[in-house]
Amino acid sequence: MIATHSAGEDNAILATEAIGKDYPGVRALSNLSMVIRRGEVHALVGENGAGKSTLIRILSGDARPSAGRVLLEGKPIMLDTPGAARRNGIVTIFQELMIVPGMTVAENIVLGNEPASRAGRHIVSCRQAKAIASDMLEALDCADEIDPGARASSLSTGHKQIVEIARALALKAPIIILDEPTASLSDKEADALLRILRRLRAEGTTILYVSHRLTEVMGLADRITVLRGGRHIETLETSSLRGTGELIELMVGRPLTELFPPRNRTIGDIRLSVSGLTRKDVFEDISFDVRAGEVLGFAGLVGAGRTEIMRSVFGADPRDGGEIRKDGRRLTIKAPADAIRSGLAYIPEDRKDQGLVTGLSGYENLLMASLADHCRGGLIAWRHACQAATTMAQKLQFRGQLSRPARTNSGGNQQKIVIGKWMLTNADVYIFDEPTRGIDVGAKAEIYRLIQDLAARGAAVIVVSSENAELLHLCHRILVVSAGTIQDEIPEEQFDEHRILAAAFKGHDRSAVGPAQERRNNE
Amino acid sequence: MQSYGERLHVFDREEWKAGFGRIVRERAMEIALPVVTLGLVIVFSLLSDVFLTGSNFRNIGIAAAALAAVAFGQTFVILTAGLDLSVGSTVALVSVVLAFVMREFGLVPGIVAGLLCGAVVGIVNGLIITRFRISAFITTLAMLSVTAGLALNLAGGVPILGLPPAFGRVAYQYWLGLPIPVLVAGVTLVIAELTLRYTRLGRHICAVGGNEEAARLSGIHVERVRVIAYAICGVTAAIGAIILTARVSSGQPTLGATLPLESIAAVVLGGVSLAGGRGSIVNVAFGVAFISILANGLNLLNISSYTQMMIIGLSLIAAVALDQANIRRKQGH
Amino acid sequence: MQSYGERLHVFDREEWKAGFGRIVRERAMEIALPVVTLGLVIVFSLLSDVFLTGSNFRNIGIAAAALAAVAFGQTFVILTAGLDLSVGSTVALVSVVLAFVMREFGLVPGIVAGLLCGAVVGIVNGLIITRFRISAFITTLAMLSVTAGLALNLAGGVPILGLPPAFGRVAYQYWLGLPIPVLVAGVTLVIAELTLRYTRLGRHICAVGGNEEAARLSGIHVERVRVIAYAICGVTAAIGAIILTARVSSGQPTLGATLPLESIAAVVLGGVSLAGGRGSIVNVAFGVAFISILANGLNLLNISSYTQMMIIGLSLIAAVALDQANIRRKQGH
Amino acid sequence: QAQQPKKVIGLSKPNLKGPYPTAELYGILDEAKARGFTVIVQDAGGYANIDKQLDQISNLAIKKVSAILIDPSDPAALNGVVQQARDAGILLVGAGVNVVASAVEPDAAVSSSHCNIGRELAKGAKALLPDGGSLGVLAGPPGSFWATERLRCFKEDIAGTNIKIVAETTSEQDAATSLTRASEILQRHPKLDMIYGADDVYGVGAARAAQAADRCGRTRIIFSVLGEEAEDMMNAGCADYVVAQQPVLIGRTEVRVVSDLLEGKKPEPKVINVPLIAITPDNLKTVDKAHLRPPAGWRP
Ligand SMILES: Nc1ncnc2c1ncn2[C@@H]1O[C@H](COP(=O)(O)OP(=O)(O)OP(=O)(O)O)[C@@H](O)[C@H]1O
Ligand SMILES: Nc1ncnc2c1ncn2[C@@H]1O[C@H](COP(=O)(O)OP(=O)(O)OP(=O)(O)O)[C@@H](O)[C@H]1O
Ligand SMILES: [Mg+2]
Ligand SMILES: [Mg+2]
């Protein structure tokens, strides 16, 4: 059964023939033919909106192609429902989390494939369900962290992702498709996942893998297919590649001169000063300053409490103590509106759930926090407002249609709308929470440039990120958060990834779980 | 300086540039209901000789005016992904309060008291929903019971008479050929549509309905916006109550029992999703027209009331299904 | 080989291991309503000397039985994030159909015809909702109108008499000290709870309500599951109709008008979110008990019906607010 | 506890809203106070809520009241519970109707039966339109016993005359809705000779529609129950014939009958018919309103 790696086309397990997919106004895929060989890890890379997820939706029966066909084992196959794909041995882990929050971990893992009890085909065996769940979590090295009886809604994003992977593994399918599975995982969790994928390949499973983390892709994949603008650009043996640069060039269609722009060098006075910020059981005694023109990084493991600190600073979550000053003046922030009035801006980590009203147009989203500036006699001057929005979109090199619902844009363009919304408020303190999650390299470079531009214009910028490389290249200073406290402060001269990791794990050594983690487990 | 008219059309002009075909496609949903309503009018005109007369249309207008006012307020609430089942008994309560005050203190104090009463019920609804985090369905269902009981208690179960005759006459007077109730509903429509499109409040209502968390993080006071939406709904219910009370020139503690479900149906017919977020008052007005014309036409055709109930139900499904099919075609499914 | 009983208790035993405190905390929501209901019982017992008697509780049971059956079916629909407003007129339609068939062909064919009729209405609801993608609110509102019209048309607007006397007597007979209607509701409860917890269908219903997209992508036939949920709701409405028809020993084309809103209120009181996903039939039974005991107690205390309406509304808000406060405390907000 | 314990009477009404039931309730409560009875009032909240009325009669039986005044929402539906109450030794008196349940004989009844109202309305119709004419019917709420009964007997009595029903519609018992429905009937039949209203909600609605269409006096309006609104409309010349039921007198008589029964006196006859009064603009001023409505400002 297990194939040799030097196989030709007859070794194809899954193939597409001249697939096309049209959405109103957009051609997401055109004339796409590619071959996935039995037993290989095949990676799919491309910019945001290149059509990766669309292709995957077609292969998993979630969307029907407008043209072309899919071949399984050389035979044309009709994948018209997700059930049909599953029955044919194709299991997919989608880009968006697909968890039923009210159900337990075990119930989520066996969802759609519940073990029948001896009492009858339609009766579910709870015991077997738990056994399957435990086995899968064991296989994923997460048995001690995730309780099969816990409610899925109480899990962190990373753990939810692991539950989804467990669900796919439980099906023991010959073909597994993963769409950006590591986007919301910490490095440790991502490493665990990659180990599992290597093991599955060794056992003969075919894997189609999508990720924007190119080093990860280079380390894992046997072959890589590059998509651009819905077209197949090239399929390469990983071994023939010299480095990520070549891959990036194929993806964006031009050489990318620099990913990280030079740091801003004109630092001013202290702009934002937080002292003694505490929220019981979540974080305590958080103190830091940011200067005008400075980029301050927050590093840490997933669940360390960085998001919750920023939400408290911004007034989105309550706090139990502490003081926030801006330009020396003490701020009373009770709600995000107060923070915005004081010139703060917060780009949340989850675009879809916290950043955008996806059903409203790009215009409306861009203008959401700054409509007051465009009112004439109590009424909104839309013409004026839309001009401002259009100008901002151009400045951000937004590539999409502002008049269409925000949800129809690709991830990178959506992120630009969120950033643009805050730039329109003329804030001078920007808090970016995971600003490049799920974003392609091209867009990443643009967002890094935006961050440096803001700093150059005298804004104070805070960047929370789980990608340490990003912080090391972007920031003037990095604070490491672990278990709800600041463990370390690293100035630019002493930047060192090992020091970050050491500090990030320090809190974990002291108490097995951080306060945020603990609170979640209690639920 | 740009004129007001220019600003009103900023979106349309951009769309015109993109070509007429696209407008039709994009606006298909908004065109579907007017077309269906026009179809109804044609069918009824062919079947009944009195249907297509000025006096019948004035009749329809007067009968639809109260439902229209209530549906416009309901739209605000539904746009925040809420729901107000208490509008019917709010109408009854306002009718009673208005009648009492008007009898004692005259026309204007009565109307003011009525509007205030509606606003108070709406605010109470909003506060319960936001403070106790109870679903809008249950809160307004409970308030339906509370306000209905209050109205009956106040009135002692019987209609309240002795309103100024001028008040009752207003319901049957015309201005520029239009019945006063229709004018009142028309003014409500214009104010509501402008509020929704051209004020911050209106945009905030849509944002809260579309994604509450994103709205909150954008500095919108979500709870305040919600409470205001319910208050607006209460005020339009009061406007509906004033129209109805004038028509029956007495305070009626049982008025408006069918309004909650009818107004929600009108809003949904108008293409507003019950999940909140997007919608236009003008479309809701077509929803009201559809319901009112259907009821009027069936009655003119002398169709048995039991059969009418069946036809109305089926038409409701057909009209919304058509809308949905349109939306889906638009989205390319 | 493990016994069936063992498997039934697998979850509970593990929870015991985790300590009593955690159970109390986890179950706080589920305990709140029973406690509140107990509070009601105590208050009414102190205020009325006949409240705490066997015969009164049998009365409450008989009165609650139909609502209970309907609410159990409503739970299935609400768990899929749907809603069924047509249960009331389904009860009326079933009552009429059942009476006709029973008069002509006897007891058992009548009951079978009634159950089938309920299932058909449910399936039609489900098919319209899934095929035309119309919101459950509008579909079942329209079907409310259609089935009510159909029931009135069939019956000609008058009750249908001449049912077998044995059928009418059943409603007032006892078995093991329990009134037959209560037993019927009890059996419905057990079957419904087992279906929800231990069958694939039950798990799929919760999954569809919790996250439709996830359910669909897991290969669950979402549309089929939805239709089945509405069919179940139709069948339990038919069970409710059978209980009520036996009590009134005649086919009544206007039966059950208050059931839609009451059953939804009972389900929400039972802690099931209108957004779907989680819930237990046993809790819904407590919701039914709360509503029925409140109505009974207020009637026994001779409180004016208008004041009762206000008290019932306020109690509903209070009970749900308490539940919500509990949930929030549990979540540490 | 000095005196003997007060006797308790139960009252079970399907609906208490509106001038008629409110006036009847006043008669009952006022008479009961005078005679030292306590009254437990149970209101099912609407004619369609048959099951609620069943529950409430059961409640009254449990409270061991001495007698229950029953206005059945549907006599065929109440047999079971009413028999239970009878078995518990409770007196059963028809309240405003001659039956308590279709298969259970009442101990007494104070009635101006729905059928008689229909007949009386027919009398008025024939008097107003001796040569016949076209008639529109606002039949009442769909499927309700009382409205169906009234209309049935009305139709029986106008059968054979030249009065022809050209429109008939049921609708919610709502002042504005009945006004709309009546307007539509007038729209379709602008020369309509008469409108029948099942009760004052429908009748007053029809009168207002006639007023709005400027048809007062030409389209005759007949209905039952003389509330204040009905009186206003008649004064305005828009209501022509109202069958008044004397609800206060009905209520008082009900309590008197119960009192007699408890003292062992059998009322004679068993079904007391409280006369209906046909009210026209001619006798409107002279009729004794004390039996028609509670004193101004009275609240239940
Ligand atoms: N439902 C939809 N309606 C309209 N356009 C869509 C829809 N889904 C995708 N698109 C468009 O199709 C194109 C391809 O999108 P797709 O999601 O496949 O990109 P992707 O390569 O997965 O990007 P990312 O890396 O951001 O996930 C984009 O231009 C997107 O805007
Ligand atoms: N109570 C909770 N229930 C469910 N999820 C939670 C809860 N608290 C936090 N999370 C999620 O867990 C993740 C970690 O949040 P937290 O603020 O604790 O850490 P963080 O350092 O910001 O981690 P991340 O790198 O994921 O942003 C976030 O995605 C957050 O949405
Ligand atoms: Mg994608
Ligand atoms: Mg975070």
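Only heavy atoms go into these numbers, but all of them, side chains included; no hydrogens, no water, no symmetry mates. Each chain gets a letter, A, B and so on, in the order the sequences are listed, and its residues count up from 1. Please read these numbers as outputs of a predicted model, since none were measured by experiment.
For Arg181(D) and Ser305(B), the side-chain atoms include no donor-acceptor pair closer than 3.5 Å.
Atom CE of Met309(B) and atom OG1 of Thr170(D) lie 7.0 Å apart (nearest 0.5 Å). We find the CZ-CG distance between Arg188(D) and Asn302(B) to be 4.0 Å, quoted to the nearest 0.5 Å. Between the OG atom in Ser183(D) and the CG atom in Asn56(B) there is a gap of 10.0 Å [rounded to 0.5 Å]. The distance from atom CG of Asp174(D) to atom CD of Gln252(B), rounded to the nearest 0.5 Å, is 8.0 Å. Between atom OG of residue Ser250(B) and atom CD of residue Glu228(D) there is a gap of 10.5 Å, rounded to the nearest 0.5 Å. One distance of note links CG of Leu163(B) with CG of Asp232(D); it measures 10.0 Å at 0.5 Å rounding.
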ask   = Where do Gln187(D) and Thr53(B) land on the side-chain contact (heavy atoms from CB on, under 4.5 Å) test, with the steps shown first?
value = CA-CA 10 Å; Gln187(D) 183 69 40; Thr53(B) 60; 3.3 Å; yes
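Within residues 256-265 of chain B, the residues approaching chain D closer than 4.5 Å by heavy atoms are, in numerical order, Gly256(B), Ala257(B), Thr258(B).
Using a 4.5 Å cut-off between heavy atoms, Leu161(B) touches chain D through its side chain atoms alone. Only the backbone of Ala155(B) comes within contact range of chain D, with at least one heavy atom under 4.5 Å from a heavy atom of that chain.
Evaluation of the ring-ring contact (aromatic ring centres under 6.0 Å, His included) test over residues 42-65 of chain B, restricted to residues two or more places apart or in two chains, returns Phe44(B)-Phe51(B), Phe51(B)-Phe57(B). For residues 290-300 of chain D, the salt bridge (charged side-chain N to carboxylate O under 4.0 Å, His left out) pairs, not counting sequence neighbours, are Glu231(D)-Arg293(D).
Panel note: side chain Asn296(B), backbone Glu184(D); no donor-acceptor pair is recorded below 3.5 Å.
Among Val50(B), Leu301(B), Asn299(B), the residue making the largest number of heavy-atom pairs under 4.5 Å with chain D is Asn299(B).
A search for side-chain hydrogen bond (donor to acceptor under 3.5 Å, both in side chains) contacts involving Thr236(B) returns nothing, not counting sequence neighbours.
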